[in-house]
Amino acid sequence: MCDFYGLERYGGAAALLPGELRSRAMELCPAERAQAEELRLRAGRKLSVVLPEGERELGGDALTRRELDAVLEVATGASAHTARDGVCSGYVTAAGGYRIGLCGTVAMRNGAVAGFRFLSSVAVRVSRQIIGAADGI
């Protein structure tokens, strides 16, 4: 039985990637897409996916900083400045509730993070509902 909700959530997360990377992410079989937890992009390394059994590279060339910047651009609707507070906290939330974790070299102003100079990695989390997760509370 296939988890159609998981497939839909994965498709939404993959849609935040630039074209070639999106295509590579969608090459996973449906069962793996339904269980995927995160897409990881690191400068100088290949695109990878986190599955319940661990992380796996998806092939292709090593990623560039430009590709990481493109993910942030898509996630913020080409308005990274409007998402400044989130960016300075190390993450942004894209439409649909997808959380994108950011890591890299930051610019500091008055002892606080003012923004990113260079992104070195981006993690796109595949958000999903977990029925019963709070039942014990």
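Looking at every heavy atom in both residues, L28 comes nearest to R56 through CD2-NH2, 2.8 Å. Among all heavy-atom pairs drawn from V126 and A13, the shortest one is CG2-CB, 4.0 Å. Closest approach of A14 to A25, counting heavy atoms only: CB-CB, 4.2 Å. Nearest heavy atoms, Q35 versus L51: C-CD2, 4.5 Å. S121 approaches R42 most closely through the heavy-atom pair CB-CG, 3.6 Å. Considering all non-hydrogen atoms of both residues, P18 and V71 come closest at CD-CG2, 3.7 Å.
Linking Ile, Leu, Val, Met, Phe, Trp and Tyr residues whenever their side-chain heavy atoms come within less than 4.5 Å leaves L68 and F118 in two separate clusters. In the hydrophobic cluster analysis, where Ile, Leu, Val, Met, Phe, Trp and Tyr join through side-chain heavy atoms closer than 4.5 angstrom, L21 is grouped together with V74. Cluster membership for Y10 and V50, using ILVMFWY side-chain heavy atoms within less than 4.5 angstrom, is not shared.
Considering CG of L47 and CZ of R22, their distance stands at 12.0 Å, rounded to 0.5 Å. With values rounded to the nearest 0.5 angstrom, S23 atom OG is found 12.0 Å from L58 atom CG. The distance from the CZ atom of R125 to the CG atom of L16 is 12.5 Å, given to the nearest 0.5 Å. Taken from OH in Y91 to CG in L102, the straight-line distance is 10.5 Å, to the nearest 0.5 Å. T105 contributes atom OG1, which lies 9.0 Å from atom CG of L119 (distance to the nearest 0.5 angstrom). For the atom pair CZ (R40) and CZ (R45), the distance works out to 9.0 Å, reported to the nearest 0.5 Å.
L41 has its side chain within reach of L17: a pair of non-hydrogen atoms, C-beta onward, lies under 4.5 Å apart.
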Give the intermediate values and the outcome of side-chain contact (heavy atoms from CB on, under 4.5 Å) for residues V122 and L72. CA-CA 8 Å; V122 174; L72 182 58; over 6 Å; no
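In this structure, a donor-acceptor pair under 3.5 Å is absent between the side chains of S127 and R99.
Using a cutoff of 4.0 Å between basic side-chain nitrogens and carboxylate oxygens, R24 and E67 are not scored as salt-bridged.
Side chain of R33 to backbone of L7: no donor-acceptor contact under 3.5 angstrom is found.
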